[in-house]
Amino acid sequence: MTEEINHQISQRDEVARLKTQFFSTVSHELKTPINIILGAIQLMESMEDFNKASISKYINMQKQNSYRLLRLINNLIDISKIEGNQFVFNPINCDIVKLVEDISTSVVEYTKLKNIELIFDTDVEEKIMATDPDKVERIILNLISNAIKFTPSGGKIEVTLSDKETHVEISIKDTGIGIPENMQQLIFQYFTQVDNSLCRQTEGSGIGLSLVKSLIDMHQGSIKVNSVLGEGSEFIIDLPVVLLDSIAQASDETTFVNIERINIEFSDIYL
Ligand code: ADP
């Protein structure tokens with residue numbers, strides 16, 4: 001009886017702790033971009049010379065921070081849809097190799113600007129399987145965005161796809177700061193950040209990886225991380241190869257990459 005009561009009390013304390021953490025993270029994540037947007041507006045108001053070159057810097061600041069707000073709101077909406085079992089999963093038969101390659105190559109110009117090399121490699125030319133391309137795009141962009149965020153200039157990111165017949169393995173490996181061993185499982189839970197101090201170097205809400213995990217669960221797949229502090233991290237996704245009966249299939253001409261989506265998913269990264 002006492003044990004049961006103690007268990008209930010510690011569960012209640014844990015819920016209260018998570019709630020406080022949620023409000024503190026979300027408030028900080030809302031406040032920072034809003035302050036930057038307001039700051040940029042004030043600077044523009046005080047400008048005397050109003051030519052295009054001089055205002056473009058402030059317009060970009062406002063745009064990037066609006067994307068950050070949009071990303072946070074989208075992630076919060078997605079979390080509540082997932083919790084309420086209302087998230088729509090739309091698998092179609094499509095070529096996973098083309099999908100992952102298109103996404104990786106679409107961000108190469110971006111990584112170049114951060115002086116990070118991004119390489120895509122595959123051991124198979126084509127692999128048709130049922131996936132939801134929209135969700136795969138979110139997963140890969142999220143993991144690449146983290147890899148960029150936590151990899152210093154001069155580093156390298158490798159996206160590799162391997163055909164294992166009954167499943168496909170996708171690895172996103174970086175030469176970044178790495179993740180301490182005791183945090184490696186926790187980062188897939190909501191709001192976990194290795195450095196959650198308000199003066200941390202990178203921006204983020206600690207929602208990305210938990211969403212990634214839910215999107216992979218929808219595919220009946222799995223994700224794991226191998227990391228060595230100071231050397232880098234590798235996220236390995238395993239997706240089962242399933243084919244739908246329907247003849248509907250994405251054509252070879254379909255491009256999955258959506259520039260707006262990249263702007264949103266990469267909005268935490270400052271160039
Ligand atoms: P965030 O919005 O904070 O990036 P995520 O859920 O995507 O949230 O990641 C949670 C935490 O996991 C990050 O704050 C960071 O501490 C750690 N992390 C994720 N990916 C990497 C990586 N590639 N290298 C180092 N640390 C990482």
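For ligands, and for the atoms within them, numbers begin at 1 and follow the listed sequence. Note: hydrogens, waters and symmetry copies are ignored here, and every other heavy atom, side chains too, is used.
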Engineer: When you compare ligand 1 with Arg71, is there at least one nitrogen or oxygen pair between them that comes in under 3.5 angstrom?
Structural biologist: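 Among all N and O atoms of Arg71, none is under 3.5 Å from an N or O of ligand 1.
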Engineer: Does an N or O from Leu209, backbone or side chain, lie closer than 3.5 Å to an N or O of ligand 1?
Structural biologist: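 Min N/O separation from ligand 1 is below 3.5 Å for Leu209.
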Engineer: What's the verdict on side chain to side chain contact (heavy atoms under 4.5 Å, CB included) for His219 and Thr131, showing C-alpha distance, side-chain angles and the deciding distance?
Structural biologist: CA-CA 7 Å; His219 286 85; Thr131 50; 3.8 Å; yes
Engineer: In ligand 1, which numbered atoms sit nearer than 4.0 Å to a non-hydrogen atom of Ile207?
Structural biologist: 6 (O), 8 (O)
Engineer: May I ask you to list the atoms of ligand 1 that are less than 4.0 angstrom from any heavy atom of Gly178?
Structural biologist: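 Listed by number with element, the hits are 25 (C).
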Engineer: With heavy-atom distances below 4.0 Å as the criterion, list the atoms of ligand 1 near Phe235.
Structural biologist: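 With Phe235 as reference, the close atoms of ligand 1 come out as 20 (N), 23 (N).
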Engineer: Which residue from Gly206, Ser227, Gly208, Ser233 reaches closest to atom 1 (P) of ligand 1 through any of its heavy atoms?
Structural biologist: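 That would be Gly206.
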Engineer: Got a donor-acceptor contact below 3.5 angstrom from the Asn93 side chain to the Leu244 backbone?
Structural biologist: yes
Engineer: Answer with yes or no whether the side chains of Glu265 and Ser145 bring together a donor and an acceptor at under 3.5 Å.
Structural biologist: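 Absent: no donor and acceptor within the cut-off.
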Engineer: Is it true that Gly232 lies under 4.0 Å from ligand 1, counting heavy atoms only?
Structural biologist: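 Under 4.0 Å: no for Gly232.
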Engineer: Using atom types as modelled and distance alone, determine if a side-chain donor or acceptor of Gln64 lies under 3.5 Å from a backbone N or O of Ser267.
Structural biologist: yes
Engineer: Between Glu101 and Lys98, does any side-chain N to carboxylate O distance fall below 4.0 Å?
Structural biologist: no
Engineer: Answer yes or no: does an N/O atom from Ser210 fall short of 3.5 Å to an N/O atom of ligand 1?
Structural biologist: no
Engineer: Please work out, at 4.0 Å between heavy atoms, whether the side chain, the backbone, both, or neither of Lys149 comes within that distance of ligand 1.
Structural biologist: side chain
Engineer: Lys135: which residues meet the side chain to side chain donor-acceptor pair (under 3.5 Å) condition with it, sequence neighbours left out?
Structural biologist: Asp132
Engineer: Please name all residues satisfying side chain to side chain donor-acceptor pair (under 3.5 Å) with Asn226, sequence neighbours left out, ordered by chain then number.
Structural biologist: none
